[in-house]
Amino acid sequence: MLLHRLLPGACALCGGDSYHALCAGCAAQFFGPAAAIARCHVCANPLDGHALPARDAARQGTALLCGVCQAHPPAFDRTLVAADYAMPVDQLVLQLKFGHRLALAPLCARLLRDSVLSQPDFTLPALLCPVPLGPRRLAERGYNQALEIARPLASSLGIALHAQLAVRLRETAAQSSIAPDRRQQNIAGAFAVPDAALVAGRHIGVVDDVMTSGRTLNELAATLKRHGAARVSNLVFARTPPH
């Protein structure tokens, strides 16, 4: 308490005085039970109002799927997120990713952990794998934000983390800068798994900061499954809602 008085903290979202990285009000409003919505179990996109509430679906063991995932199942099996990638939650990602605010990574990990543990039907992965950056992007930024989230997430969930489980074979343009119809071509063949023995027959959890179209995560999941992964689940801090 003396430290807090000498060096008062501020909420990362509203800027108000807060002993923690997130004040109680923002935590309740954006990450509390009232903020929970029904999501597709595979891609985590919000479902329409006719779907079961998320809590009821989990209790009844109902696997909710959106129409896209029913018609075109992706390579990954499940996606869990902490929130939508929308104001003001997107500021946490932007500050971590581009503002070098690495202290926000444990906050993102804690909020994601809480979301994961709130799903009673979800079996924890055997191993966590952060989405890898290419050497040039890593050198420019100085760190991989997915790995920075994965480290405290792995520790809090008691899951092993393998930072180099997957590697990026070539530099790719940021998916957000590519037209939607060219994103699959941009990311195709971008990943490799150096040691297939670590993957074969196991449930792999892929950690990332944001999921937008899902093509990067789908390509990585397909690569992991080609090397024998039994199941791939995405653990992502924020999900961009469909436009």
Side-chain angles (χ1 to χ4, degrees), residues 36-54 56-58 60-86 90 93 112 115-116 119 121-125 127-132 146 165-166 168-170 172-193 196 199-243:
I37 60 173
R39 296 182 181 275
C40 172
H41 276 207
V42 175
C43 73
N45 262 332
L47 295 170
D48 61 40
H50 299 292
L52 279 172
D56 294 343
Q60 296 179 23
T62 305
L64 300 179
L65 299 180
C66 68
V68 174
C69 288
Q70 291 182 49
H72 306 285
F76 49 80
D77 301 281
R78 185 77 182 264
T79 300
L80 292 97
V81 302
D84 277 339
Y85 185 69
D90 60 346
V93 175
L112 181 52
S115 179
V116 169
Q119 303 298 318
D121 64 323
F122 181 66
T123 301
L124 292 177
L127 192 63
L128 292 188
C129 166
V131 173
L165 187 67
R168 195 175 287 251
L169 292 176
R170 59 183 177 84
T172 58
Q175 289 286 77
S176 58
S177 68
I178 301 295
D181 60 348
R182 296 184 57 198
R183 288 177 179 174
Q184 182 57 47
Q185 180 182 356
N186 178 55
I187 200 68
F191 302 109
V193 175
V199 172
R202 306 180 82 180
H203 178 189
I204 306 299
V206 175
V207 181
D208 207 0
D209 56 337
V210 178
M211 180 178 182
T212 305
S213 69
R215 287 184 173 88
T216 297
L217 290 165
N218 190 63
E219 180 67 22
L220 181 50
T223 302
L224 290 166
K225 287 196 169 179
R226 283 197 300 272
H227 287 78
R231 184 176 179 84
V232 177
S233 296
N234 301 318
L235 308 182
V236 184
F237 174 67
R239 177 62 156 115
T240 301
H243 299 293

- [ ] Just jot down the side-chain contact (heavy atoms from CB on, under 4.5 Å) partners of Leu124, sequence neighbours excluded, or say none.
- [x] Val116, Phe122, Leu157, Ile159

Task: Pairing residues for Asp208 by the salt bridge (Lys or Arg N to Asp or Glu O under 4.0 Å) criterion, not counting sequence neighbours - done: none

Task: Shortest non-hydrogen contact between Pro241 and Asp84, atoms and distance - done: CG-CG, 3.8 Å

- [ ] Looking only at non-hydrogen atoms, find the nearest pair between Leu80 and Ser115 and report the distance.
- [x] CD2-O, 4.3 Å

In a table with atom names and distances, give each donor-acceptor pair under 3.5 Å that connects a side chain of residues 229-236 to protein atoms at least two apart or in another chain.
residue, atom, partner, partner atom, Å
Ser233, OG, His203, NE2, 2.7
Asn234, ND2, Thr79, OG1, 3.1

TODO: Please examine the side chains of Val42 and Pro73, heavy atoms only from C-beta on, and report whether any two atoms are closer than 4.5 Å.
DONE: no

TODO: Can you measure from SG (Cys43) to CG (Leu217) and round to the nearest 0.5 angstrom?
DONE: 11.5 Å

Task: Side-chain donor or acceptor of Arg168 paired with backbone N/O of Pro132 under 3.5 Å - done: yes

TODO: Could you give me the CA-CA distance, side-chain angles and deciding distance for Val81 and Arg39, then say whether side-chain contact (heavy atoms from CB on, under 4.5 Å) is met?
DONE: CA-CA 9 Å; Val81 302; Arg39 296 182 181 275; 3.6 Å; yes

Open item on the list: With rounding to the nearest 0.5 angstrom, report the CG to CG distance, Asp90 to Asp209.
Closed with: 12.0 Å

Task: Arg78: partners by side chain to side chain donor-acceptor pair (under 3.5 Å), with sequence neighbours left out - done: Asp121

Task: Pairing residues for Pro242 by the side-chain contact (heavy atoms from CB on, under 4.5 Å) criterion, not counting sequence neighbours - done: Asn45, Pro46

Open item on the list: For a quick test of reading the model, state the closest non-hydrogen atom pair linking Pro125 to Gly205 and the distance between them.
Closed with: CB-N, 3.4 Å

Let me have the donor-acceptor pairs involving side chains of residues 221-228, under 3.5 Å, with sequence neighbours excluded, atom names and distances please.
residue, atom, partner, partner atom, Å
Thr223, OG1, Glu219, O, 2.9
Thr223, OG1, Arg226, NH2, 3.2
Lys225, NZ, Ala75, O, 2.9
Lys225, NZ, Asp77, OD1, 3.2
Lys225, NZ, Asp77, OD2, 2.9
His227, ND1, Thr223, O, 2.9

- [ ] Return the minimal non-hydrogen interatomic distance between Phe76 and Gly214, and the atom names on each side.
- [x] CE2-O, 4.0 Å

- [ ] Kindly indicate, with the supporting measurements, whether the criterion side-chain contact (heavy atoms from CB on, under 4.5 Å) is fulfilled by Cys40 and Leu65.
- [x] CA-CA 5 Å; Cys40 172; Leu65 299 180; 4.3 Å; yes

Task: Closest non-hydrogen atom pair between Ala192 and Leu169, with its separation - done: CB-CD2, 3.6 Å

